[in-house]
Amino acid sequence: MVQLIVGKKGKGKTKYLLDKVNTAIKAANGNIVYLDKSSKHMYELNNKVRLIDVSIYPLKNSDEFIGFICGILSQDHDLEQMYLDSFLRLSRLEGNESMIDDCVSQLENVSKIFNVDFILSVAMDKEELSASLQEKVILAL
């Protein structure tokens, strides 16, 4: 399953995502990974959550990003949830918002195959998203 937390920059998406992941780890049976654009939030995360700073990897586009996600999944068969903060930046979709549907669709397929939930923060208003993506929104700020 793919869920979206949406809202313009500075609306509180990251704080909500951090609270959600720290709550989820208490009840998790498997592992949880938090992908971010830096390691800035390292001390705000429960130490059982694996933080990955995506900015240190040379990803050029959203296809490489999906490959990166699959690489993480191939190394951890107990992975239960992945939290992706600043999704547009991580997936190299900033300025290319027309490709979001395709990328999220690929994540949905990966989610079904590997039974992993993806929770994404997206710096867009709900109204800017396609109808299919609006259905995945769990919080609009």
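Side chains included, hydrogens not; waters and symmetry mates left out as well; all remaining heavy atoms used.
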Notebook entry, point to check: If you round to the nearest 0.5 Å, how far is CG of Leu4 from NZ of Lys136?
Noted result: 7.5 Å
Next item on the list: Please identify each residue that fulfils ring-ring contact (aromatic ring centres under 6.0 Å, His included) with Phe114, with sequence neighbours left out.
Entry: none
Next item on the list: Take Leu18 and Leu45 through the test side-chain contact (heavy atoms from CB on, under 4.5 Å) and record every step on the way to the result.
Entry: CA-CA 7 Å; Leu18 289 166; Leu45 286 170; 3.5 Å; yes
Notebook entry, point to check: Minimum heavy-atom separation for Tyr57 to Arg92, with atom names?
Noted result: O-NH2, 3.6 Å
Next item on the list: Hey, could you give me the CD1/CZ distance between Ile119 and Phe87, rounded to the nearest 0.5 Å?
Entry: 12.5 Å
Next item on the list: Might you confirm whether atom NZ of Lys40 has over 12 heavy atoms from other residues, nucleotides or ligands at distances under 6.0 Å?
Entry: no
Next item on the list: Count the heavy atoms of every other residue, nucleotide or ligand shown that sit under 6.0 Å from NZ of Lys8, and state whether that count exceeds 12.
Entry: yes
Checklist line | Straight-line distance of Asp85 CG to Leu90 CG, nearest 0.5 Å | finding: 7.0 Å
Next item on the list: State whether Asp19 and Lys15 are salt-bridged, where the test is any N-O pair (Lys NZ or Arg NE/NH1/NH2 against Asp/Glu carboxylate O) under 4.0 Å.
Entry: yes
Next item on the list: For residues Val21 and Ile32, report the shortest heavy-atom separation together with the two atoms involved.
Entry: CG2-CG2, 3.5 Å
Margin query: Could you tell me if the side chain of Leu139 sits less than 4.5 Å from the side chain of Lys13, heavy atoms only?
Written below: no
Margin query: If I compare all heavy atoms of Arg89 with all of Lys37, which pair ends up nearest, and what's the gap?
Written below: NH1-CD, 2.9 Å
Next item on the list: Decide yes or no for Val6 and Asp125: does some side-chain heavy atom of the first lie under 4.5 Å from some side-chain heavy atom of the second?
Entry: no
Margin query: Checking Asn31 against Asp76: is there a side-chain donor and acceptor pair closer than 3.5 Å?
Written below: yes
Margin query: Which heavy atom of Ala24 sits nearest to which heavy atom of Gln81, and what is that distance?
Written below: CB-OE1, 3.4 Å
